[in-house]
Amino acid sequence: MRRREIIAGAGAALLASPSVAAESTTLPAELPDGTRAVAQFVNLPDKRRMLRLTDRPPNYATPVNVFTDVVTPNDRFFVRYHLAGVPSAADMDGWSLTIGGDAVNRQIRLKMSDLLDLPTNQVLSVCQCAGNRRGFFDPHVAGVQWPDGGMGCAVWRGPALRDVLKAAGVKAEALEVWVGGADKPPMEGTPPFRKSIPIEKAMDGDTIVAIAMNNAPLPLLNGYPARLVVPGWTGTYWMKHLTNIEVSAEPLKNFWMQTAYRVPAGMFPVQLPFKSQATETTVPITELVVNSLIADPLEGDEVERSGFTIRGVAWDRGTGINRVEISLDGGRNWQDAMLEKPLGPYAYRRFSLPTGSLRPGTYKLMSRATNHAGERQADKLKTNPGGYHNNVPRPIAVVAR
Ligand SMILES: Nc1nc2c(c(=O)[nH]1)N[C@H]1C(S)=C(S)[C@@H](COP(=O)(O)O)O[C@H]1N2
Ligand SMILES: [Mo]
């Protein structure tokens, strides 16, 4: 691929003709009262009609109606930060990326032009916050009270992380790849946001240093000019404004690895255990759980009793979606939805179901996905202190007239 094609390149077909759906205007009733009182749909410099949850640090959810499409547009893509010291575009002038650590042969510093000279990879992948749908936990748990929109799916493009690491020479004893970004704690004492991934995941060709998102430079709030993309893994590892990488023979020890983002050992299925960060009782949250979302109709909509089509997306950790079932009666009876052809193991898979004619009344719509590993969405919430991995089907009430 030629340089100028790397950012504004192929794959445009996916971005064409987004479907038209009414915008969400209401907040889910299950959110805590405090969140419902302050959350608002707002426009931002590069974003429009996002659901503001907190301002400092910036946390903005994507409205549910956007998920009628597989690709989430850049100006609707969710925003999640831990620290209020978000860099400005000007701060990123002269950006560079250092690669070092005890398990490389030499420390190097790469400029954007160096990244553009490396072979380019592309992956269509969901980025989902581990705390997506935390706001629906019952009882509520502490943290940003995300509804459904702490996620999105985009075409990510850039060099594979392994090609970037190769430039520094990776030693045989490499255990983890530590990553850091340009955002800063607002005050002393808050630990800087740094994360690590196991060397096996770092060497997977789909793990990339993305410099383009949906054929455009990354929006500032999504990590301009470069971010890590770790398909199948929760968003916490997808370091934005990536500035430093260390390859190490040691596990990264800090608050963000050892205290935050952990779940009880054995609670959720994983293909690749993160052994160097596991203890007997807890493990870092890593691979996404199988999940689905109805994006049309929306909660409270009036629908035609002559029939309407239920539409949405399903996704998982990369085995792919095998089946989506729909219930019209709050989970008592289920029928199979139609699946569109898969667009890659890490992408949303669209589903739809025409209801046929109905009697007037209230219907409680639910969707439930199963992946190729045979894992199905949970019937009952697996409660955990961090409020992670909520994949319980949630009824959406609509009224047929
Ligand atoms: N530099 C930096 N990168 C970060 C974070 C952050 O706070 N700072 N948050 C992480 C988390 S928890 C998530 S869910 C994703 C969200 O990506 P987005 O803001 O582009 O949607 O970014 C990840 N990368
Ligand atoms: Mo997250």
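Counting convention: from 1, in listed order, for ligands and their atoms alike. The model shown is predicted, which means the values in this text are computed figures rather than measured ones. Computed from heavy atoms alone, side chains included, the values below leave out hydrogens, waters and symmetry copies.
Among Tyr261, Phe255, Trp256, Tyr81, the single residue meeting the ring-ring contact (aromatic ring centres under 6.0 Å, His included) criterion with Phe193 is Trp256.
Looking at Arg350 and Asp69, a side-chain N of the basic residue comes within less than 4.0 Å of a carboxylate O on the acidic one, giving a salt bridge. Using a cut-off of 4.0 Å between Lys/Arg side-chain N and Asp/Glu carboxylate O, Glu23 and Arg76 are scored as salt-bridged.
Ligand 1 has an N or O atom lying under 3.5 Å from an N or O atom of Lys240, backbone or side chain. For ligand 1, the polar-atom distance check finds an N/O of Arg80 within less than 3.5 Å of one of the ligand's N/O atoms. For ligand 1, the polar-atom distance check against Asn222 finds a nitrogen or oxygen pair separated by under 3.5 Å.
Nearest protein heavy-atom contact of atom 24 (N) of ligand 1 is Trp238 O, 3.0 Å. Nearest protein neighbour of atom 21 (O) of ligand 1, counting heavy atoms only, is Phe78 O, 2.6 Å. Atom 8 (N) of ligand 1 has Asp183 OD2, 2.7 Å as its closest protein atom, hydrogens excluded (heavy atom only). Regarding atom 7 (O) of ligand 1, its nearest protein heavy-atom neighbour is His82 ND1, 2.8 Å.
Note: Tyr237 and Phe274 have tilted aromatic rings, judged against thresholds of 30 and 60 degrees for the angle between ring planes. Ring planes of Phe268 and His389: perpendicular class, angle over 60° (limits at 30 and 60°).
In this structure a side-chain-to-backbone donor-acceptor pair under 3.5 Å is missing from Thr98 to Asn244.
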Let me see the working for Phe77 and Trp156 under ring-ring contact (aromatic ring centres under 6.0 Å, His included), right down to the final yes or no. CA-CA 13 Å; Phe77 206 93; Trp156 308 97; 5.7 Å; yes
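Between the side chains of Thr68 and Arg311, not a single donor N or O lies within less than 3.5 Å of an accepting N or O.
Close to ligand 1: Tyr261, with a non-hydrogen atom less than 4.0 angstrom away.
Only the side chain of Arg227 comes within 4.0 Å of ligand 1, counting heavy atoms alone; its backbone N, CA, C and O stay farther away.
With distances taken over non-hydrogen atoms, the option nearest atom 5 (C) of ligand 1 out of Tyr81, Phe77, Tyr60, Phe193 is Phe193.
Near Cys129, the atoms of ligand 1 lying under 4.0 angstrom from a non-hydrogen atom of the residue are 14 (S). Numbered from 1 in the order shown, with element, the atoms of ligand 1 that lie under 4.0 Å from a heavy atom of Gly235 read 10 (C), 11 (C), 13 (C), 14 (S), 15 (C), 22 (O), 23 (C).
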